[in-house]
Amino acid sequence: WQNLVTFGSFSNVVPCSHSYFCTLNQVKLYSTNVQKEGQGSKTLQVEKIPSFDEAAQLKAPLTKQEPLQVRVKAVLKKREYGPKYTQNNFITGVRAINEFCLKSSDLEQLRKIRQRSPHEDTESFTVYLRSDVEAKSLEVWGSPEALAREKKLRKKAEIEYRERLFRNQSILREYSDFLGNTKPRSRMTSVFLKGPGKVVMVAICINGLNCFFKFLAWIYTGSASMFSEAIHSLSDTCNQGLLALGISKSIQTPDPSHPYGFSNMRYIASLISGVGIFMMGAGLSWYHGIMGLLHPQPMESLLWAYCILAGSLVSEGATLLVAVNELRRSAAAKGMSFYKYVMESRDPSTNVILLEDTAAVLGVTIAATCMGLTSITGNPLYDSLGSLGVGTLLGVVSAFLIYTNTEALLGRSIQPEQVQRLTELLENDPSVRAIHDVKATDLGLGKVRFKAEVDFDGRVVTRSYLEKQDFDQMLQEIQEVKTPEELETFMLKHGENIIDTLGAEVDRLEKELKVRYIHYNII
């Protein structure tokens, strides 16, 4: 409430051309001071204003006596919320049991409050007042010190339990390895029977065979180009093994340390694969090519080398077709062109196979051409130049893989058209007034993290709440309001319910986004 207006300040604010044309003994000013006691108490204070006789000694007599009425506007004083106000917070039953060392039977005697659930699988859940839980814990344990000792003992017991659990899991793992694990891993094996997993496994088998035969041809001929091709196939096989490891890790169930899962492991494996291609493939090919230029060596018959290169060309081409078909299917499912899907590395594992096999086909062509020139001219420098050409090709592929996977790991947005459709869905909702700062990040494996600052229309949200209320009962409650305390209680009750309605509107919008764009796992 406004502070009491004093006599001196009052004369300055009353508009009047004659300063003393009223009697002061007919003026009464009131004010209230709000003191915080629990929910707040209000005390009415009346200050006596000097009467005409008392003021006559100071001021000249007034010629006209007219009563002056003064209205003081009532303003609710700002409440200072202290630490004790947090006792009105809600706490779930699980937290009450864990944090205050209570039993479920202890909670049965406390006040229960049904709240809207923030989870999709439950409509509502039971919470308790934190003040009630704290009081019950003191009743059970006697003092805060005893409660602290019990928490310490339970924490120690939990650590010992985890250590025993870890030891038992290690023993079971060794036991299953010794006897053989007969339980089928349906999820792990199925991921390698379709999609990117299938492409990776086909590439591992084909590149492993190519690597073996190319090394035999290199040992037989001593060709630098054949050595580069053997190193190329070896690096491809190792890198595709990394991709298989990344795929198997990416499907692991999220845990508390990684709440969004391990889907980025595919990008990490592809990034390591790109670095491996550069260091092992390009580096060794350049080294062997430079050594061939500095110290040229005569080569033996290249007939077997040509046969192995021809077989490698066929096998690498087959793997390339498998990768292309998989990428076309994935791009069509996302509504993107093949070129854009590859350039943005939407499927990192298949992307690596595509680029590696493309480089392999081109590398085989380069190696066969340079070896042919060496056979025709008898000059081994052409063979060394072929090794340098294969190394350069591998360097370009590795640079592209490193760039695209780094961009993906940094957090790449989904297509602008798709972001626009998500934004329009929100803006067309009656409860939304405006959308700001929209961000939609691709997490991989079809997961999208969507974030937007939403300006809700308070009138629509309030109307949504009022549609579920009994107007006659609410009107009766309004008519019963006589004091500021009753008004505050009424507003706090319905204000909290309106906030719950706003939360329900947010849940509804999230659900509509997920249902409308089912091909995205929006989180």
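A quick note: this is a predicted structure, and the numbers were derived from the prediction, not measured. The first residue in the sequence is number 1, and the count goes up from there.
- Residues Thr126 and Arg114 meet the side-chain proximity criterion, which asks for heavy atoms closer than 4.5 Å.
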For Leu422 and Leu426, run side chain to side chain contact (heavy atoms under 4.5 Å, CB included): C-alpha distance rounded to whole Å, both residues' side-chain angles, the deciding distance at 0.1 Å, then the answer.
-> CA-CA 7 Å; Leu422 292 173; Leu426 292 177; over 6 Å; no
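- Considering every non-hydrogen atom in both Ala452 and Ile435, the closest pair reads CB-CG2, 4.1 Å.
- For the atom pair CD1 (Ile113) and CZ (Phe90), the distance works out to 4.0 Å, reported to the nearest 0.5 Å.
- Of all heavy-atom pairs between Leu107 and Tyr128, the closest is O-CE2, 3.5 Å.
- No side-chain heavy atom of Thr406 sits under 4.5 Å from any side-chain heavy atom of Tyr267.
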Run the numbers on Arg329 and Glu326 for salt bridge (Lys or Arg N to Asp or Glu O under 4.0 Å), then give the verdict.
-> CA-CA 5 Å; Arg329 186 187 63 80; Glu326 176 62 26; 2.6 Å; yes
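- For the side chain to side chain donor-acceptor pair (under 3.5 Å) test, residues two or more places apart in sequence or in another chain that qualify with Arg95 are Glu99.
- Considering all non-hydrogen atoms of both residues, Gly386 and Ile366 come closest at O-CG2, 3.9 Å.
- Residues satisfying the salt bridge (charged side-chain N to carboxylate O under 4.0 Å, His left out) test with Arg162, not counting sequence neighbours, are Glu158.
- Phe100 carries Lys151 over the face of its six-membered ring, with the cationic atom under 6.0 Å from the centre and within 45° of the normal.
- Here the side chains of Leu209 and Ser315 are not in contact, with every heavy-atom distance at 4.5 Å or above.
- For the atom pair Cys238 SG and Leu243 CG, the distance stands at 11.5 Å (nearest 0.5 Å).
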Trace of the side chain to side chain contact (heavy atoms under 4.5 Å, CB included) decision for Leu293 with Leu388 = CA-CA 10 Å; Leu293 291 175; Leu388 292 176; 3.6 Å; yes
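- The line from NZ of Lys249 to CD1 of Ile268 is 11.5 Å long, rounded to the nearest 0.5 Å.
- A search for salt bridge (charged side-chain N to carboxylate O under 4.0 Å, His left out) contacts involving Lys439 returns Asp437, not counting sequence neighbours.
- When atom types are taken as modelled, the side chain of Ser248 and the backbone of Leu245 share a donor-acceptor pair closer than 3.5 angstrom.
- Side-chain atoms of Phe450 and Ile414, non-hydrogen and from C-beta on, never get closer than 4.5 Å to each other.
- Heavy-atom contacts from other residues, nucleotides or ligands closer than 6.0 Å to OH of Tyr287 number 12 or fewer.
- Here Ile498 contributes atom CD1 and Tyr465 contributes atom OH; the two are 6.5 Å apart, rounded to the nearest 0.5 Å.
- The main-chain N or O of Arg459 is never found under 3.5 Å from a side-chain atom of Thr462 such that the two would form a donor-acceptor pair.
- Residues satisfying the salt bridge (charged side-chain N to carboxylate O under 4.0 Å, His left out) test with Arg433, not counting sequence neighbours, are Asp457.
- Screening Val200, Val202, Asn207 against Ile204 for a side chain to side chain contact (heavy atoms under 4.5 Å, CB included) leaves a single residue, Val200.
- To the nearest 0.5 angstrom, Leu393 atom CG is 9.5 Å from Ser398 atom OG.
- Scanning for salt bridge (charged side-chain N to carboxylate O under 4.0 Å, His left out) contacts around Arg328 gives an empty result, with sequence neighbours left out.
- Remark: the backbone N or O of Cys101 is paired with a side-chain donor or acceptor of Trp141 at under 3.5 angstrom.
- The shortest non-hydrogen separation linking Ser464 to Thr501 is OG-CG2, 4.1 Å.
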List the steps and the verdict of side chain to side chain contact (heavy atoms under 4.5 Å, CB included) for Lys451 and Val438.
-> CA-CA 6 Å; Lys451 175 257 180 188; Val438 178; over 6 Å; no
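- For CZ of Arg154, the number of neighbouring non-hydrogen atoms (other residues, nucleotides, ligands) closer than 6.0 Å is greater than 12.
- Annotation: Phe212, atom CZ; neighbour count of heavy atoms from other residues, nucleotides and ligands within 6.0 Å does not exceed 12.
- With a 4.5 Å cut-off on side-chain heavy atoms, Leu129 and Leu110 do not count as touching.
- Distance alone, capped at 3.5 Å, is enough to place a donor-acceptor pair between the Thr237 side chain and the Ser233 backbone.
- The two atoms that bring Ser137 and Leu102 nearest to each other are CA-CD2, 3.8 Å, heavy atoms only.
- Summarising the geometry of Gly246 relative to Ala269, their closest heavy-atom pair is CA-CB, 3.9 Å, with the distance given to 0.1 Å.
- Within the model, atoms CG of Leu320 and CG of Leu362 stand 9.0 Å from one another, a figure rounded to the nearest 0.5 Å.
- Residues satisfying the side chain to side chain contact (heavy atoms under 4.5 Å, CB included) criterion with Glu512, sequence neighbours excluded, are Asp429, Arg508, Leu509.
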Lys152 and Lys155: side chain to side chain contact (heavy atoms under 4.5 Å, CB included), yes or no, with the steps?
-> CA-CA 5 Å; Lys152 187 175 181 180; Lys155 185 67 176 179; 5.7 Å; no
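- Side chain of Ser387 to main chain of Asp383: no donor-acceptor pair is present (N/O by atom type, distance under 3.5 Å, no hydrogens or angles).
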